[in-house]
Amino acid sequence: MREAAGLEARGLGAPPVLKGQDGEGSVQVHQDASMKIEGAKVFSVYGKGGIGKSTTSSNLSAAFSKLGKRVLQIGCDPKHDSTFTLTGQLQPTVIDILKEVDFHAEELRPEDFVTEGWNGVQCIEAGGPPAGTGCGGYVVGQTVKLLKQHHLLEDTDVVIFDVLGDVVCGGFAAPLQHADKAVIVTANDFDSIYAMNRIIAAVQAKSANYKVRLAGCIANRSKATDEVDRFCDTVGFKRIAHMPDYDAIRRSRLKKKTLFEMPDEQDIVEARKEYVRLAEALWNSTDALAPAPLPDREIFELLGFD
């Protein structure tokens, strides 16, 4: 109290109250209320690195568009390859474009940082900071700010954030400040489920102060789902989709296309149906899951080696 009074007396203002503001013990800056995304349903896609988040996000965006929804996909990875199956090429990142205009955002037009992809899906690559520098939260914040300034969210039904890897810091958890639901991509193996357990904990922390809730998980590139289902049954989570290890999905990435642009082979048709079913379920769902993540020792005992 005395320290706060001293700061105010010097015209510096009181120090921010950090405890509990963005998760217990967090020192992350609380989201500016003006940056709230309104009108659209917002989903953040998380999962272990290399699990297929971008493939899932792009095909899910395509599925939403097939349902007649106006879709915006935001890639949050320095590799900026989230949307290349929707557009057929790598897009420049928001941060790179801002650098070109010396961060004078008022000089940019929407077409400078938004590309229209397959079936009208709007695509943005927020990018991320160079390795070892900066914070992903800043990148996400600048991207949403640009979208707001150019009124690009006003004609959008669905926003999908495709987020880099596991939740390892507050920066890359930043999309959870904007999302209605978090979707976790996993596989039927220990490492993927271990990462899912950590993501559940991160979302639970954010949900104390933001509207984000857990929608469920997608078992991806997995012939079986027994381990995923055993984990879900234990913690009170839910598997909402299953995408088998179809070679067609790998081929679609190589051809820089979503499954919706591929030939009507049996496995491709089946995969498309599952993505459309998932899109319908996410659009119509009002269920908010509240699983209890396991301590490390317990998840090892549940899924680890004997």
Side-chain angles (χ1 to χ4, degrees), residues 22 28-46 53-54 57-58 60-61 64 70-87 89-117 120-131 133-165 167-183 206 210-212:
D22 200 27
Q28 189 178 10
V29 175
H30 202 62
Q31 178 190 332
D32 185 339
S34 67
M35 290 298 101
K36 182 179 179 181
I37 297 176
E38 297 176 314
K41 294 190 178 185
V42 186
F43 303 97
S44 285
V45 179
Y46 285 91
K53 294 181 298 297
S54 293
S57 297
S58 295
L60 185 56
S61 288
F64 272 121
R70 299 167 297 178
V71 187
L72 171 67
Q73 181 169 319
I74 303 173
C76 305
D77 190 325
K79 297 197 308 295
H80 59 104
D81 63 345
S82 171
T83 62
F84 90 101
T85 57
L86 286 161
T87 63
Q89 59 186 329
L90 290 178
Q91 305 300 314
T93 71
V94 166
I95 290 301
D96 288 340
I97 293 167
L98 282 170
K99 284 180 182 177
E100 291 177 3
V101 295
D102 198 25
F103 289 87
H104 292 291
E106 68 277 4
E107 297 182 14
L108 296 178
R109 300 165 299 173
E111 54 265 35
D112 293 327
F113 57 92
V114 181
T115 302
E116 184 171 312
V121 176
Q122 301 299 304
C123 302
I124 299 177
E125 293 289 349
T133 66
C135 176
Y138 171 78
V139 178
V140 171
Q142 288 299 305
T143 300
V144 174
K145 185 177 180 180
L146 268 178
L147 292 169
K148 285 277 209 174
Q149 288 173 341
H150 290 276
H151 307 285
L152 294 174
L153 293 168
E154 295 171 8
D155 297 318
T156 303
D157 300 312
V158 176
V159 177
I160 295 179
F161 284 98
D162 173 18
V163 190
L164 168 67
V167 175
V168 293
C169 72
F172 283 109
L176 295 174
Q177 297 179 349
H178 302 283
D180 298 298
K181 296 285 180 67
V183 178
K206 286 287 184 182
Y210 296 98
K211 63 182 179 179
V212 65

Evaluate the side-chain contact (heavy atoms from CB on, under 4.5 Å) criterion for residues V144 and F161: first the C-alpha distance (whole Å), next the side-chain angles of each, then the deciding distance (0.1 Å), finally the verdict.
CA-CA 11 Å; V144 174; F161 284 98; 4.1 Å; yes

T156 (side chain) donor-acceptor with V158 (main chain) under 3.5 angstrom
no

Can a side-chain donor-acceptor contact be found between S82 and Q73 if the only test is distance below 3.5 angstrom?
yes

Any L60 side-chain heavy atom under 4.5 Å of S58 side chain
no

Measure across Y46 and K53 and return the closest heavy-atom pair with its distance rounded to 0.1 Å.
C-CD, 3.4 Å

What's the spacing between I74 CD1 and H178 NE2 if we round to 0.5 Å?
8.0 Å

When rounded to the nearest 0.5 angstrom, what distance separates CD in Q122 from OG1 in T115?
8.5 Å

Which atom of V212 lies closest to which atom of K181, heavy atoms considered
CG2-C, 4.3 Å

Could you state the interatomic distance from OG (S61) to CD1 (I160), rounded to the nearest 0.5 Å?
3.5 Å

Can a donor-acceptor pair be found, under 3.5 Å and without considering hydrogens, that links the side chain of D162 to the backbone of G75?
no

In Å and rounded to the nearest 0.5 Å, what is the NZ to NZ distance from K211 to K206?
14.0 Å

Nearest 0.5 Å, please: how far is CD in E116 from CG in L86?
11.0 Å

Would V163 and V45 count as a side-chain contact (heavy atoms from CB on, under 4.5 Å) if you check the C-alpha gap in whole Å, the side-chain angles of each, and the deciding distance to 0.1 Å?
CA-CA 6 Å; V163 190; V45 179; 6.0 Å; no

I would like to know whether F113 and L98 meet side-chain contact (heavy atoms from CB on, under 4.5 Å); could you show each step before the answer?
CA-CA 9 Å; F113 57 92; L98 282 170; over 6 Å; no

Provide the closest heavy-atom pair for A126 versus T93 in the form atom of the first, atom of the second, distance.
O-CB, 3.7 Å

Output, in order, the C-alpha distance, side-chain angles, deciding distance and verdict of side-chain contact (heavy atoms from CB on, under 4.5 Å) for V159 and L153.
CA-CA 9 Å; V159 177; L153 293 168; 4.0 Å; yes

Side chains of T83 and Q91 only: does a donor on one sit below 3.5 Å from an acceptor on the other?
no

Roughly how far apart are D81 CG and T87 OG1, rounded to 0.5 Å?
10.5 Å

I need the minimum non-hydrogen distance between L147 and I124, along with the two atoms involved.
CD2-CD1, 3.2 Å

